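All heavy atoms count here, side chains included; hydrogens, waters and symmetry mates do not. Just so you know, these numbers come straight off a predicted model, no measurement behind them. In the text below, chain A, chain B and the rest are named by the order of the sequence lines, each starting its count at 1.
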Protein chains: 2
Amino acid sequence: MSTTTAHSYSISELAQEFGITTRTIRFYEDKGLLTPQRRGQTRVYTPEDRVRLKLILRGKRLGFSLDESREIIDMYDPAHGNVEQLNRLLDRIDSKRQQLREQQRDIEKMLAQLDDASARTRAALKEQSK
Amino acid sequence: MSTTTAHSYSISELAQEFGITTRTIRFYEDKGLLTPQRRGQTRVYTPEDRVRLKLILRGKRLGFSLDESREIIDMYDPAHGNVEQLNRLLDRIDSKRQQLREQQRDIEKMLAQLDDASARTRAALKEQSK
DNA sequence: GTTGACGTTTACGTTAACGTAAACCTCGAT
DNA sequence: ATCGAGGTTTACGTTAACGTAAACGTCAAC
C-alpha cells in the first residue's frame with residue numbers, strides 16, 4: 001500500500017525544468033510518447049509522465065531517435081504477452097544493451113583522443129611561453 | 001623519417017568498408033569534413049582521409065552532428081594559433097570531455113534500466129511456464 | 001565499337017524534430 | 001469589463017543528413 005502523493009505538473013513547469021519548449025512536449029505527445037490527462041482542455045502531467053519525459057531526453061542526449069526512445073521506454077512496461085513475444089522482447093533488450101556497450105567503447109576512444117589533443121595543446125602553449 | 005606507404009582508396013572502397021553510400025561520402029566532402037585529392041576527375045583518398053571518415057562515423061554513433069564532429073576532429077589538428085586561441089581550444093576540449101562523461105552516465109543509467117527490464121521479462125517468462 | 005563497371009556533377013525529394021505564428025479560450029486580478 | 005498570463009489547436013516553415021534520379025565521362029573487356 002504505497003500512498004502516492006498525486007503531485008501533478010503543468011506543461012510549462014515541465015518545459016522549464018528540462019529546458020525545452022512546450023511545443024516540444026506537445027510534439028512528443030503527438031508522436032505517442034506521452035499521454036497526459038486533461039483537466040478540461042488543459043494537459044495535466046503525473047510524476048510518471050515526468051519520468052517518461054526524462055527518459056526521452058536521456059535518449060536524445062545519446063543520439064536516439066524518438067522511435068528508439070519509445071521502444072526503450074516500452075521495454076520497461078508491464079511485460080504483457082505470450083512466450084514468443086516475451087522472447088522477442090528479450091532479444092531487443094539485449095540488442096540495445098550491445099549497442100550501448102558499443103557507444104561506451106566509442107566514448108572511451110574519443111575521450112582518449114581528446115586527452116591527447118589536450119596534452120598537445122598544452123605543449124604548444126608551453127612552447128609559446130618560450 | 002617514417003616511410004609512409006602511400007596506400008590510397010577509391011570512394012566505393014571506403015563506402016563498402018564502412019557500410020555507407022558514396023553519396024554520403026561526397027556529402028561529407030561538401031560539408032568540408034573531407035578533402036580528398038583528385039586523379040583527374042576522380043577522388044583519391046589517403047589513409048588520413050579514411051581516419052577522418054572513421055571519426056565522423058564514430059561521432060555519428062554518439063549522436064553528434066556533422067558540425068560537432070568537424071569541431072572534434074579539428075581539435076586534434078596541428079595546434080596553430082596564438083595563446084588566446086590555444087586557451088579557447090583547451091576550453092572547448094574540456095567542454096567536450098564533460099559532455100562525453102555525461103553521456104557515460106546516461107548510458108549507465110539506461111543499461112541499469114535495461115537490466116531491470118530484462119530481469120522482469122525473464123520473471124514473466126518463468127511465470128508463463130507455470 | 002559497344003557494353004559494363006565505376007566515376008562525376010547537378011538538382012530535386014524526403015524524413016525527423018521541432019520553430020514560429022496566428023487565432024482562439026479561460027480565469028484570476030485590477 | 002478588460003487585461004495579462006497561461007493554456008489550446010492548426011498549420012506552414014526550417015534545418016540536417018542524406019536518398020534518388022538524370023545525364024554525362026572513361027576505360028578495360030569482349
Kindly indicate whether the side chain of A:Lys96, heavy atoms from C-beta on, has any atom under 4.5 Å from the side chain of B:Met110.
no

Looking at side-chain heavy atoms only, is the closest gap between B:Leu90 and A:Leu125 below 4.5 Å?
yes

Neighbours of DNA chain C within residues 16-31 of chain A, by heavy-atom distance under 4.0 Å:
A:Thr21, A:Arg23, A:Thr24, A:Phe27, A:Tyr28

Using a 4.0 Å heavy-atom cut-off, does A:Arg39 contact any base of the nucleic acid, only the sugar-phosphate backbone, or nothing at all?
nothing

Quick check on DNA chain C: between A:Ser65 and B:Gln41, whose nearest nucleotide comes earlier from the 5' end?
B:Gln41

Could you tell me whether the phosphate oxygens of D:dG6, OP1 or OP2, come under 4.0 Å of any side-chain nitrogen or oxygen in A:Ser10?
no

Between A:Ser10 and A:Glu13 the two heavy atoms that sit nearest each other are N-OE1, 3.0 Å

Under 6.0 Å from the ring centre and within 45 degrees of the ring axis: does the NZ or CZ of A:Arg50 meet both conditions for the six-membered ring of A:Tyr45?
no

Per the side-chain hydrogen bond (donor to acceptor under 3.5 Å, both in side chains) rule, what does the pair list look like for residues 105-114 of chain B, sequence neighbours excluded?
A:Arg61-B:Asp106

Any salt bridge linking [X] with [Y]? Criterion: basic side-chain nitrogen under 4.0 Å from a carboxylate oxygen.
X: B:Lys31; Y: B:Asp67; value: no
X: B:Arg52; Y: B:Asp49; value: no
X: A:Arg88; Y: A:Glu84; value: yes

If you walk 5' to 3' along DNA chain C, what is the first nucleotide with an atom under 4.0 Å of a heavy atom in chain B, and what is the last?
C:dC6 to C:dA11

